[in-house]
Amino acid sequence: MVNASLDVDDFDTNQEGNIQISQEGFQKMCELLLKRVKNTLDAALHNSNFNANQINKVLHVGGGSRMPMIKQLLRNMFLEAEHCTEEHPDEVVAIGAAYYAYSLPSDS
């Protein structure tokens, strides 16, 4: 959307009103977040001794995967990769967490 209206009550029940925000304004507010995501990806690639062009599949999951700017960042970084987007990205995270929890050693 080019412009959106956010109901303040959805975020703080002690306040009322609407906040108008543009897509451009939202993107400016997210610039630091995008830099942190890119730096984290660069560090992960460096630590794993992989180059971005060696990654052949990128799975877009979690809330951030709904953001067009995150999708574009991933597509720009991993040009050669197949980009898999899920219909329910939060559900995929929950399933992954459940598999991980199952694999942890039990205390008993």
Side-chain angles (χ1 to χ4, degrees):
M1 297 175 55
V2 175
N3 292 299
S5 176
L6 303 173
D7 186 356
V8 176
D9 186 56
D10 290 342
F11 303 100
D12 185 351
T13 55
N14 297 322
Q15 296 185 25
E16 291 186 23
N18 288 319
I19 298 172
Q20 299 296 322
I21 187 166
S22 67
Q23 184 179 25
E24 183 180 336
F26 180 71
Q27 288 175 340
K28 284 188 185 287
M29 290 189 314
C30 293
E31 284 178 0
L32 182 59
L33 169 67
L34 286 176
K35 285 181 185 178
R36 289 178 62 192
V37 169
K38 184 168 182 346
N39 289 343
T40 300
L41 290 169
D42 286 337
L45 288 169
H46 176 75
N47 292 339
S48 66
N49 294 317
F50 279 99
N51 293 318
N53 61 358
Q54 293 175 288
I55 305 300
N56 61 10
K57 189 176 279 192
V58 176
L59 180 60
H60 295 235
V61 299
S65 68
R66 292 184 183 92
M67 297 172 66
M69 61 191 82
I70 296 287
K71 289 180 183 180
Q72 192 58 51
L73 172 70
L74 292 171
R75 283 188 167 84
N76 290 345
M77 282 191 73
F78 303 101
L79 295 170
E80 305 292 323
E82 173 188 358
H83 290 264
C84 304
T85 56
E86 296 295 325
E87 187 173 334
H88 303 287
D90 295 326
E91 185 178 324
V92 176
V93 173
I95 291 168
Y99 278 118
Y100 178 71
Y102 179 77
S103 72
L104 294 174
S106 174
D107 289 340
S108 56

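When a residue number appears, it is its place in the shown sequence, counting from 1.
Residues K35 and D42 are not paired through a salt bridge, judged by the lack of any N-O separation under 4.0 Å between the basic side chain and the carboxylate.
Under the 4.5 Å side-chain criterion, counting only non-hydrogen atoms from C-beta, E80 is not in contact with N56. Using a 4.5 Å heavy-atom threshold, the side chains of L6 and N18 count as separate. Side-chain atoms of Q23 and K28, non-hydrogen and from C-beta on, never get closer than 4.5 Å to each other. At a threshold of 4.5 Å between non-hydrogen side-chain atoms, the residues L34 and M69 count as touching. No side-chain heavy atom of Q27 sits less than 4.5 Å from a side-chain heavy atom of S22. For the pair I55 and L45, the minimum side-chain heavy-atom distance is below 4.5 Å. Looking only at side-chain heavy atoms (C-beta outward), N3 and Q20 stay at 4.5 Å or farther from each other. At least one side-chain heavy atom of K57 sits less than 4.5 Å from a side-chain heavy atom of C84.
By the rule that hydrophobic residues join a cluster once side-chain heavy atoms approach within less than 4.5 Å of another member, F50 and L79 end up as members of separate clusters.
When all heavy atoms of H83 and L74 are compared, the closest pair comes out as CE1-O, 3.3 Å.
A distance-only check finds a donor-acceptor pair linking the side chain of Q54 to the backbone of N51 [under 3.5 Å].
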key: side chain to side chain contact (heavy atoms under 4.5 Å, CB included) assessment of E31 paired with R36   = CA-CA 9 Å; E31 284 178 0; R36 289 178 62 192; over 6 Å; no
